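Take a look at the structure set out below.
Just so it is clear, the structure is predicted and the values come from calculations on it, not from any experiment. Reminder, nothing fancy here: chain letters follow the sequence lines and each chain counts from 1.
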Number of protein chains: 2
Amino acid sequence: MDTSQVKSLLNQHKLKATPSRLALYHYVHDFGSAVPYSNIQDEFKDLDRVTLYRTLNAMCDKGLMHRASVGDDEVHYAVCAHSCTTTEHHHDHVHFKCDDCERLYCVPTKGLSTIELDGYEVREIQIQLSGVCKGCRG
Amino acid sequence: MDTSQVKSLLNQHKLKATPSRLALYHYVHDFGSAVPYSNIQDEFKDLDRVTLYRTLNAMCDKGLMHRASVGDDEVHYAVCAHSCTTTEHHHDHVHFKCDDCERLYCVPTKGLSTIELDGYEVREIQIQLSGVCKGCRG
DNA sequence: TATTAAACGCAACAGTGTTGCAGTAAAAAT
DNA sequence: ATTTTTACTGCAACACTGTTGCGTTTAATA
């Protein structure tokens with residue numbers, strides 16, 4: 001993704017395009033799957049941890065990224081799809097954790113099968129799957 | 001639940017039936033839904049936090065309780081159903097968070113609808129729902 | 001009742017979340 | 001291009017949770 005594109009993306013969301021932010025966005029964007037927080041830390045260890053914390057929060061608040069986690073695993077970060085860049089997050093996807101490579105993927109799904117629970121009024125669904133991902137199968 | 005029952009339940013799992021443990025199990029068992037960690041803390045604030053930590057871990061390890069959480073919320077604890085008291089945890093249930101009373105329920109489901117993802121081999125499914133619970137509907 | 005194995009409380013350290021504040025850099029206005 | 005405004009950054013600091021070690025106490029059992 002082009003740096004000027006990222007810059008205007010940030011500006012559109014009233015975020016200043018500082019070098020760290022550009023780098024952070026690129027890093028998460030290009031990672032190929034949701035990024036474990038510890039990876040981000042390692043990659044940006046020169047950045048103050050409070051700044052990192054605030055930057056991630058800001059990007060999540062503004063809809064540029066979202067948090068994803070499976071079970072007790074550490075939090076992961078992933079860039080939002082096009083549909084999320086508006087004010088509201090629309091996450092028609094499930095989180096898939098590969099037992100093999102341990103990567104966490106955001107896999108889009110078209111209209112999650114609604115789940116009926118007797119007596120409960122279901123409004124939102126979050127699904128986390130695990131198994132073996134595309135890359136790790138033959 | 002009878003105290004002597006809880007005692008033998010603990011002993012069956014090679015856990016000593018100390019007063020704190022009996023009380024803790026009763027508390028979580030009788031809560032009516034999964035218990036937020038902070039509630040447990042408040043209820044057992046005379047207990048050393050490390051002891052509480054180890055006790056909860058022990059009970060989860062031995063299959064007497066399990067952890068449940070939805071989104072970024074704090075961890076909740078719930079007693080396991082009968083099927084879990086063996087060595088393996090069998091959780092044929094979803095976690096339902098009520099937007100109204102904010103309680104987190106473990107709702108049993110018979111055979112979760114399998115989800116097909118092109119290219120991925122799905123082995124486990126975790127589902128978290130939110131909406132309005134039985135009690136909060138008219 | 002004596003023995004043994006487990007649990008308890010305390011001290012201590014690491015990691016993360018969170019806030020306030022003063023210095024700095026990006027964006028907008030002139 | 002320079003100034004002004006706005007927001008980001010880094011540092012200090014505090015709270016909370018996770019985690020381990022260790023010596024003492026208590027439950028289970030012989």
Please say which of N39(A), L24(A), I40(A) ends up in a side-chain contact (heavy atoms from CB on, under 4.5 Å) with Y77(A). I40(A)

For the side-chain contact (heavy atoms from CB on, under 4.5 Å) test, which of V94(B), V132(B), V107(B) pairs with Y120(A)? V107(B)

Treating primed atoms plus P, OP1 and OP2 as sugar-phosphate and everything else as base, which nucleotides of nucleotides 22-30 of chain C get B, S or - for protein heavy atoms under 4.0 Å? ---BBS---

Touch check for Q41(B), heavy atoms < 4.0 angstrom, all strands: base, sugar-phosphate only, or nothing? sugar-phosphate

Does a donor on one side chain sit under 3.5 Å from an acceptor on the other, for S69(A) and E74(A)? no

Under a 4.0 Å N-O cut-off, is there an ion pair linking K45(B) with E43(B)? no

Residues touching DNA chain D, which here means a heavy atom under 4.0 Å, drawn from residues 46-56 of chain B: R49(B), V50(B), Y53(B), R54(B)

In terms of relative ring orientation, are Y27(B) and F44(B) parallel, tilted or perpendicular, with 30° and 60° separating the classes? perpendicular

Return the orientation label for the H93(B) and H95(B) ring planes: parallel under 30°, perpendicular over 60°, tilted otherwise. tilted

Once you round to the nearest 0.5 Å, how far does [atom1] of [X] lie from [atom2] of [Y]?
X	Y	atom1	atom2	result
L117(A)	C133(B)	CG	SG	11.5 Å
L104(B)	C106(B)	CG	SG	6.0 Å
H76(B)	H66(B)	NE2	NE2	11.0 Å
M65(A)	H29(A)	CE	NE2	10.0 Å

In whole angstroms, how far is the C1' atom of dA7(C) from the CG atom of L10(B)? 12 Å

Distance under 4.0 Å to a non-hydrogen atom of chain B counts as contact; along DNA chain D, which nucleotides mark the start and end? dT17(D) to dA28(D)

